[in-house]
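Remarks on the structure that follows.
Residue numbers start at 1 and run along the sequence shown. Remember, it's 1-based here, ligands and their atoms both numbered in the order they're listed. All values below come from the heavy atoms of this structure, side chains included, with hydrogens, waters and symmetry mates left out.
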Amino acid sequence: MSHEHLDSYAFDTLAIHAGNTADPQTGAVVPPIYQVSTYKQDGVGGLRNGYEYSRSANPTRTALEENLAVVEGGRRGLAFASGLAAEDCLLRTVCAPGDHVVIPDDAYGGTFRLFAKVVQRWGVEWSVADTSDPAAVRDAIRPSTKMIWVETPSNPLLGITDIAATAQIAREAGVRLVVDNTFASPYLQQPIALGADVVVHSLTKYMGGHSDVVGGALVTADETLGEELAYHQNAMGAVAGPFDSWLVLRGIKTLGVRMDRHSANAAEVAEFLTGHAKVAQVYYPGLAEHPGHEIAAKQMRAFGGMISFRHVDGEQAAVEVCNRAKLFTLGESLGGVESLIEHPGRMTHASVAGSALEVPADLVRLSVGIESANDLIGDLAQALG
Ligand SMILES: *Cc1c(COP(=O)(O)O)cnc(C)c1O
């Protein structure tokens, strides 16, 4: 299905059809895995449909990249070997030594590590702001600021940033707004429609959806930045491979139905946790008492599948809950059909220890899968004791 005909379709239709043109050779309804590095040229410089070498472009990756642009409502989609590879490409394309980025006070630990341990060594500066407070974001902007970087909902504390309000601040300051949309997915939240310039994804999570692939993406609102990023994607080389691209393209087809079930299950789990004697605090934007609830309700279709909570008895008790869970698998990552449990302080967010992004030691994070909600609640009940 070609791009021009897509405008009138709803998300679920686009997720299945965008980029999924029937194979011109055979009519195969799913793009083949073009497991190939190079392409026969019809005379020197005579490329067939622009394909030259699979770092520059590969048809399976192109199918995914077209799909990504459409499902995020952007102009250009680019697929990378991981979420962090996508972030690295964005940072090194937009920032030069001396430039500054405002980063959130709650973020994926690997994103923080990329700023603090990698690009900082190359002269890119950063400072931390509570992005749930638009005034704090405005105050953090410097003359050298190039980007405001937000995660909403954030990892692991499920903080909510008002994307439209932050986009307004970014526009007034002449800086770009980057939204990491990994936790929400484009089914639940469309940052570009709300004014973001770039959407970042770990495709590893909800987009892939089955814990069987690592990937990342950038989607831009405008073509010029899209071109610059595509140039750097090829020049730096951390592209998504054909099979990985195929897996993610397949995952995106069921994104809508999965996110509906993730959200419904998480709402039930959050309610169960809220009433539990061993739980001190539940972080889930679907709860009316969550400080970002109203903004989340305004900018998200539903509240997603991620929940964190604090144990009343402290760090060791939180660790023991993780160890006792049976149906919730103890592991890093998130967004798969199977439920996962983890201790951010010692696992996904060990790299933020001692920083402004440090997470509570008694915190447990859940990626609520699409199993039976009753079974999930039963497992948490036994794990909490
Ligand atoms: C996992 C994750 C990333 C990094 O993606 P990788 O695919 O692991 O490189 C970035 N942002 C968020 C919110 C994540 O959860």
*Show the numbers, then the answer: is there a ring pair (Phe, Tyr, Trp, His ring centres under 6.0 Å) between F303 and H290?*
CA-CA 11 Å; F303 302 102; H290 185 289; 8.9 Å; no
*Donor-acceptor contact below 3.5 Å, side chain W149 vs main chain P104*: no
*asked:* With heavy-atom distances below 4.0 Å as the criterion, list the atoms of ligand 1 near N155.
replied: 15 (O)
*Any heavy atom of G215 sitting closer than 4.0 Å to ligand 1?*
yes
*Element-labelled atoms of ligand 1 that are located less than 4.0 Å from some non-hydrogen atom of T204*: 7 (O)
*Who's the nearest protein heavy-atom neighbour of atom 6 (P) of ligand 1, and how far?*
G83 N, 3.3 Å
*Examine ligand 1 and decide if any of its atoms is less than 4.0 Å from a heavy atom belonging to L334.*
yes
_Shortest protein heavy-atom distance from atom 14 (C) of ligand 1, along with the residue and atom involved_ = K205 NZ, 3.0 Å
*Going by the atom numbers of ligand 1, which of them fall below 4.0 Å from some non-hydrogen atom of D180?*
10 (C), 11 (N), 12 (C), 13 (C)
*Using the salt bridge (charged side-chain N to carboxylate O under 4.0 Å, His left out) rule, collect all pairs that involve residues 156-168, keeping only residues at least two apart or in two chains.*
D162-K298
*Is the closest heavy atom of H201 to ligand 1 under 4.0 Å?*
no
*Taking distance alone, with no angle check, do L84 and ligand 1 share an N/O pair under 3.5 Å?*
yes
*E151, any N or O under 3.5 Å of ligand 1 N or O*: no
*Under 4.0 Å from a heavy atom of E87: give me the atoms of ligand 1 that qualify, with their elements.*
10 (C), 11 (N)
*Can you check whether T60 reaches P32 side chain to side chain, under 4.5 Å on heavy atoms?*
no
*Can you find a heavy atom in the side chain of L90 that is under 4.5 Å from one in the side chain of V198?*
yes
*To the nearest 0.5 Å, how far apart are CG in L380 and CG in L327?*
8.5 Å
*Would you call I307 and L158 a side-chain contact if the rule is heavy atoms closer than 4.5 Å?*
no
*Listed by chain and number, what are the side-chain hydrogen bond (donor to acceptor under 3.5 Å, both in side chains) partners of S308, not counting sequence neighbours?*
none
*Give the residue, atom name and distance (to 0.1 Å) of the protein heavy atom nearest atom 4 (C) of ligand 1.*
Y108 CE2, 3.4 Å
